[in-house]
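Let me begin by presenting the structure, written as structure tokens, before commenting on it.
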Amino acid sequence: MEAIGTQDFKILRGLNLSHKAEESIIKEFVVEMDAVRWQEIESCKERFLKDGIDPHNSLYMYPEVADSWIRSKNYGVDPYQTKLGKNLSSRELMSLIRDKASMIDIAYEFIGKNIDLLTTSNYHMCLTDENGILLFSAGEKNKIETFEAINAVPGAIWTEELIGTNCHSMCINLKRPVQLIGPYYYCKVVEDNIGSGTPIMDEDGKVIGVLLVISVASPEKQVAQTNLLSWVISAGLAIESELRLKKQSYFLGLANKTLKSTMEVIGEGCIILDWRMNIAYINREAADIFNIKDKEAIGKPFKKLCKSNLPINDVLETGKTINKFETVFDSLKHQSYDVDIEPLVNNDNSRNTNGLFLRIRKLHQGQKNEKATDQEKDSFSSIIGNSKPLQIVIHNARNVANHDGGVLLIGESGTGKELFARAIHDESRRNGPYIAINCASIPKSLFESELFGYEGGAFTGAERRGRIGKIELARGGTLFLDEIGEMPLELQPVLLRVLEDKQIMRVGGTKYISLDFKVVAATNKDLWKMVLNKEFREDLYFRLAVFKLTIPPLRSRGNDINKLAETFIKESYDKGKFMKCPVLSPEVCDIFLNYDWPGNVRQLKNVITYALAMVTGNTIKKNHLPSEFFDTLWSKSTGESDDIKSVDDLTSMERIEIEAIKDAMKKTGKNVKDASELLGLGRSTVYRKLKQYNIEF
């Protein structure tokens, strides 16, 4: 066996040599085979197999081969077998080929360029994976058929444990090129072969495959095999290089795509400058600031785009980041901005700056431009309704929007808590984005990485470049924590610390990142009851609930119900689904007002969607409503859940309630609508109470 030493192979892999130079280096490691040596090795193997004589004692044996013979014998490998190894199933082989597709494609391309040489020289080339499983072979047809006869086919498992000492297993074990000649092979059926193999390694020095060329051996023919080993090593190094380039290209494209996607949704201006201070990347936010199209800005000198006196030279000279530099750009003289300027350094520890990253944020509202004025509208305009309970909440929400304390929105499912959260964000006039997180939808195991982000390689499966967390994305804006009651108890202290310190550390990170954001949380649970039951942290509750806003359920909003229904109908009409806008019949309006709406606004929208699908004319009638809607309505109206009680069964509170309702009905002349407004209750609630207490109206 001829083998290049590990250190010498590392040197060879690190050089960019010509084929002749490589061949010259390799010749130093080749010992020519002659008839005497061939016969002595055969005799050594026979003594070892029959009498157990240690092969290390032979002058013609390499210690690595002797070690392999001994292992092969201990594995119970039959040296006289005529069909070698085992085979993967078809499904296993297809899966392996998919996993190794990149290496196979590159090796195929190389073989395609050299197939004439293989066939005319009677060579047989193989590619295996890191476990010695054959992936494919190529060469002269008769040669391939000869090897297939001994099971050298794709999917054949040819490991040392199954077929004994062989060239590619030696490459895998030694992590260096090997030329295994004739009788050094353990099994007799391949004893006339010369195998010249080289490991294919990834960037971490891990073997991922072996490239192997087989030729027929004899003592006389061996002299010419030096060139073959040199050729195989060159091919292996070329495949390694191509694999790395392909992988780097893939990850670079993925990283660029991820980076650009993040920069486009971050809600701030982002610019990357190359080493010449030309614009290499600009997102739409930054392009709008400078009144230029992003594609037109690429390649332009930044100083031509921005006349402001930014401390770019200071960052280039010191290599240190400058944060929150206040400036006014020529394109928007009435608007001040904060600019972070961060150097982009080389990865060679030289600290040489090869570019800059600029992050631009609005500092304060200032005078608005014409475009902003045209788009300006009431932040709460999307919340429809004029009922007193709703207007009180809207008024309070406006008041708290510009305060720093946490806002806790409390309300049943479907009441529109997220609409309020978004309106509070818009009203606050914050420069950053609105980022919503549903605490119930994130798996516990991913909670920290989703909220805080992570550095590249922080855990198995992590993206190589890392990922920005949702909290960091909300920098300068609003973080909406929906269904906060579902947050795992063990993670609540981590969130509390973030809210108190206004800084985070990414998973796997080593430094804290300062953040400024407004937090709005929402729940349909009784959080205070959860606190008393030790199901929610008290300190986190008080941090989130500086301002508590209770969103009224639909059943307590009176005529808002029909106004919302009409709005949903008009939305459908505006989309061109009807020639004439449908209307609600008086009967349906009355039914809606007397219904409890357990699903609130979301349920009302679903009912309207159903009714619009059923209506044939221009009027939505009772028969156009879903049957499930009537099942629920009937159970409520007949009092299945609220049985009529006798006077003797009433509690003192119920007696007081009855008197209040009777008094309101008397003052309003038995007008349920006016009585409900006087009592501060929804009309449907008053109807239900009248029936529950058997009060005439």
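Note: hydrogens, waters and symmetry copies are ignored here, and every other heavy atom, side chains too, is used. Please read these numbers as outputs of a predicted model, since none were measured by experiment.
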Which atom of L495 lies closest to which atom of I484, heavy atoms considered
CD2-CD1, 4.1 Å
With distance as the sole test, does K548 use its side chain to make a donor-acceptor pair with the main-chain N or O of I410 at under 3.5 Å?
no
Is any side-chain N of the basic residue among K529 and D526 closer than 4.0 Å to the acidic one's carboxylate O?
no
Go through the structure and list residues passing salt bridge (Lys or Arg N to Asp or Glu O under 4.0 Å) with E486, not counting sequence neighbours.
K525
Run E412 and T415 through side chain to side chain donor-acceptor pair (under 3.5 Å) and show every step you take.
CA-CA 6 Å; E412 299 174 8; T415 50; over 6 Å; no
Smallest heavy-atom separation, A611 atom then L625 atom, equals CB-CD2, 4.3 Å
Residues in salt bridge (Lys or Arg N to Asp or Glu O under 4.0 Å) contact with E427, at least two apart in sequence or another chain
R398
Counting only N and O atoms by type, is there a donor-acceptor contact under 3.5 Å from the side chain of W597 to the main-chain atoms of I561?
no
Give me the atom names and distance for the closest heavy-atom approach of A675 to M665.
CB-SD, 3.7 Å
Using every non-hydrogen atom in the two residues, find where K470 and L479 come nearest and quote the distance to one decimal.
O-CD1, 4.2 Å
Is D426 salt-bridged to R422, going by a charged N under 4.0 Å from an acidic O?
no
Is NZ or CZ of K362 both nearer than 6.0 Å to the six-membered ring centre of Y337 and within 45° of the ring axis?
no
Would you check, one step at a time, whether the test side chain to side chain donor-acceptor pair (under 3.5 Å) holds for D560 with S387?
CA-CA 6 Å; D560 284 357; S387 63; 2.6 Å; yes
Is there a donor in the side chain of N524 and an acceptor in the side chain of S413, or the other way round, less than 3.5 Å apart?
yes
Closest non-hydrogen atom pair, D294 against A287:
N-CB, 3.9 Å
Between H425 and Y434, how do the two ring planes meet: parallel, tilted or perpendicular, split at 30° and 60°?
tilted
For the residue pair F536 and W528, is the inter-centroid distance of their aromatic rings smaller than 6.0 Å?
no
